[in-house]
Amino acid sequence: MGMSNNRRLIIIMAALFAAAATFLVFLPALQNEFLIWDDDTLITDNLHIRSLGLNTVKWAFTHVGLTTWHPLIFLSFAADYALWGLDPWGFHLTNNILHALNALLVFFLVFRVIALAIPEKNGEGFNEMPLIAGVVTALLFGLHPLRVEAVAWVTARKDVLYAFFYLLSMLAYLEYASSGSGKIRFYLASLILFAMSLMSKPMAVTLPVVLLILDFYPLKRIFSGMGLNRIKVVAAEKVPFFLLTVLMSLITIWTNVSADASAKLQQYSLLERAFAAMRGYLFFIYKMILPAGLIPYFTYPDKVNILSLEYLGAFILFSAITILSIFLLKRDKVYLSAWLYYGITLLPVIGILRIQGNFTRFTYLPCLGPFLLVGLAAGSIYKKTNRRDLKTALVIAFLLLFALLAEKTISQTRIWKDTITLWSYQIEHLPDRVPMAYTNRGIAYDRAGDVQKALADYDRSIKIDPKYVKPYNNRGVLYVSMKKYDEAMKDYNRAIELDPKLAQAYSNRGVAYGILGDYEKAIQDCSKAIEVNPGIPDYYYNRGIAYGVLKRYDEALKDFSMALKLNRSHLKAYNKRGDIFSRLKKYEEAIKDFSMVIQIDPRQAEAYFNRGNAYYRLEDFNPALKDYNKVTEIDPKNATAYFNMGIIYTKLGEDEKAVSSFKRASSLGLKRAEDHLKRKNIN
């Protein structure tokens, strides 16, 4: 029986309501800044996202971001940059839109699942269960404070984007599997969308198992006593999905291999990790019920005592829920299906396969299992309640619940406003457990010019974990800015000792050697940085500086050119290469480089000055004067620019202008200008 237009309109309006409410509640996130927690590495400092050409696409598909291959995330960042530049508002808007769309998809998914599980019977009127369950589940999903990390943190785009394709893939599969003809186009769409989900975040590897759960409930394609041929068909359909899962798993294992990760895995036995995982499953359910005390980083336990009340109790409760779900199987398959979905979708990140903290963003899709049960309960109670006043009370109760969730979510969003606010909140609630919190806040203090607070945070971070590398490198940079070179060298040496592949520490130590005048060691360290990570333009730039000082101009030119190949907007590299060209009396090439700087940033006084000098050497005086004039507009206290103008005016025989220029240079304290005036007998 076809659906009437009125029913279709009600369904669409319900879905749009859930999406709109979700979008509005997360609007405050648009005021948030980029965070020093991967936003800097993947976005603000990532030069590769600053175009949308073929090179960017190639880079995105061949580059590993931090420890994960997720090319679609980089392409989405590149699209944001094309639209907004580096305005965080636009990046947050994209996250918000994706989350609202996901709430809409959750509604349609739950509606479809319940409609298949509880089909409408002739003569019973409109089946309210799918509608109510869909709205309640979508609003719980969209408005819950556990969603804040995934939406309000730009780098967590991975979660909202992988979920978008994941949900679409599930919907396409339901359409394929529930249609009598088994439309192949929906199967192919599901497979393609799954691949896109994997390319957004490897956590999507669970989808093939989830499709089997859908076959069990609500599709009822898996049942006791099913024939061998039926089993073969259902299994064969999943083969391409499982092949993609295996491929992504291998990629993820390869990109995540590290000594630190291996050491952490060896620290805990498989049994200990299993008990910790069961505690984690229940911990997240507890936070779904009572979303208080949500912090960015819930740390993995230092010690797992499986006989303690905390872990043994978690095992007993986890087992009880599992047994109860199986016991209720004859009554309704939804309980076991929802529990299996929750367990399977959280499995890649719960701590058995990889040791890490418990982050609330991990629950982004897994929460649908428990929330679906709440939605079903709401629909069942509403349907069985005959009294209108009780139905009204039920609606009011849920609206109040959603209002409370929305208020808590808006409050939680403010915690993610900026780096200092975020990590201060983390430190307040877990002061001596997360050294990264102090390190990241220290970077923010350093950038804000508060050196003492930055130094204190780096010191605290190192005290908490003396083997944590990052604060040593950062403190070394801070010591260099304070001209405490001995302390800086000690920190760089310690960082390299802890992580011999930390390219940034080699580069920073090379810069420090350059400041101290040891250019050979500077070259050695910059070369080591390039060997470890050849894709960073500043490593070549820093080595080029050292080569230039040593008058190894050919090598300097190669390094500056390589820096520019990696970053076409590297102003300093253009300036320095132009300077080398000038030293080699290749003034035309120098002028081209200085002109590129000016084209990129018309307020670069140094580039105008250098180009003016090059024009002067070519005895092309008019453009030289024009450039020096521009220098004085940008920097009125540049005495040398006035002096050079005086020299040119003298050569041109314009004595009055020459005297005026020399006087201006002299008034700014340039003794050479005063000497010129004396020669002309001008006081």
Side-chain angles (χ1 to χ4, degrees), residues 18-19 22 26 68 70 72-73 95-96 98-113 133-134 136-153 155-174 190 193-214 217 241 244-245 248 252 277 280-281 283-285 287-288 291 334 337-351 353 358-375 409:
T22 298
F26 276 93
T68 309
H70 39 53
L72 295 191
I73 296 300
N95 277 25
N96 199 354
L98 283 168
H99 181 52
L101 288 174
N102 287 342
L104 182 119
L105 293 176
V106 165
F107 170 85
F108 284 122
L109 177 65
V110 172
F111 183 92
R112 188 79 170 112
V113 166
V136 171
T137 306
L139 286 172
L140 282 173
F141 168 82
L143 305 181
H144 202 284
L146 284 177
R147 303 289 81 75
V148 171
E149 180 178 348
V151 182
W153 177 29
T155 290
R157 170 83 55 83
K158 297 188 290 288
D159 293 278
V160 292
L161 191 60
Y162 107 84
F164 177 71
F165 294 120
Y166 197 105
L167 292 167
L168 283 173
S169 181
M170 290 173 70
L171 283 164
Y173 181 79
L174 283 173
S190 179
L193 289 163
F194 174 47
M196 297 177 76
S197 186
L198 288 171
M199 289 187 285
S200 301
K201 187 174 184 178
M203 194 172 170
V205 293
T206 59
L207 182 64
V209 181
V210 170
L211 297 185
L212 288 172
I213 294 172
L214 290 177
Y217 175 92
F241 289 89
L244 287 177
T245 288
M248 178 53 73
T252 303
Y281 279 115
F283 170 79
F284 283 132
I285 289 177
K287 290 300 178 183
M288 290 178 204
V334 69
S337 300
W339 183 239
L340 285 173
Y341 169 86
Y342 176 67
I344 291 297
T345 52
L346 257 179
L347 184 60
V349 293
I350 202 62
L353 305 175
N358 286 324
F359 302 99
T360 58
R361 65 182 184 275
F362 290 166
T363 67
Y364 192 79
L365 275 185
C367 71
L368 292 183
F371 287 170
L372 171 63
L373 296 180
V374 177
T409 293

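Closest approach of P366 and Y341 over heavy atoms only: O-CE2, 3.7 Å. Across every non-hydrogen atom of D159 and A150, the tightest pair is CB-CB, 4.0 Å. Contact record, P348 with V205: CG-CG2, 4.2 Å, taken as the closest heavy-atom pair. The heavy-atom pair separating M196 from L72 by the smallest distance is O-CD1, 3.3 Å. The two atoms that bring F362 and L346 nearest to each other are O-CD2, 3.6 Å, heavy atoms only. The two residues I350 and G280 make their nearest non-hydrogen contact at CD1-C, 3.9 Å.
Judged purely by atom type and a 3.5 angstrom limit, S190 uses its side chain to pair as donor or acceptor with the backbone of S169. Judged by distance alone, the side chain of Y342 and the main-chain N or O of P370 form no donor-acceptor pair under 3.5 Å. No side-chain donor-acceptor contact under 3.5 Å links N95 to the backbone of A152. In this structure, H99 contributes its side chain and T22 its backbone to no donor-acceptor pair below 3.5 Å.
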* Step-by-step side-chain contact (heavy atoms from CB on, under 4.5 Å) determination, M170 to L207 -> CA-CA 8 Å; M170 290 173 70; L207 182 64; 3.6 Å; yes
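Among E149, R147, K287, the one residue that satisfies the side-chain hydrogen bond (donor to acceptor under 3.5 Å, both in side chains) test with T360 is E149.
Expressed to the nearest 0.5 Å, how far CG of L368 lies from OG1 of T345 amounts to 8.0 Å. For the atom pair OH of Y162 and NE2 of H70, the computed distance is 13.5 Å after rounding to the nearest 0.5 Å. Considering CG of L365 and CZ of F141, their distance stands at 6.0 Å, rounded to 0.5 Å. Residue L198 holds its CG atom at 11.5 Å from CZ of F165, rounded to the nearest 0.5 Å. For the atom pair CG of L193 and CZ of F164, the computed distance is 8.5 Å after rounding to the nearest 0.5 Å. Note: M203 CE to Y364 OH = 12.0 Å, rounded to the nearest 0.5 Å.
In this pair, W339 and Y281 present their aromatic rings tilted. The plane angle is within the 30 to 60° band.
For the residue pair Y166/T206, the side-chain donor-acceptor check at 3.5 Å is satisfied.
Counting heavy atoms from C-beta outward, V110 and V136 have side chains that stay 4.5 Å or more apart.
Here the two rings, on F111 and F108, have centers that are 6.0 Å apart or farther.
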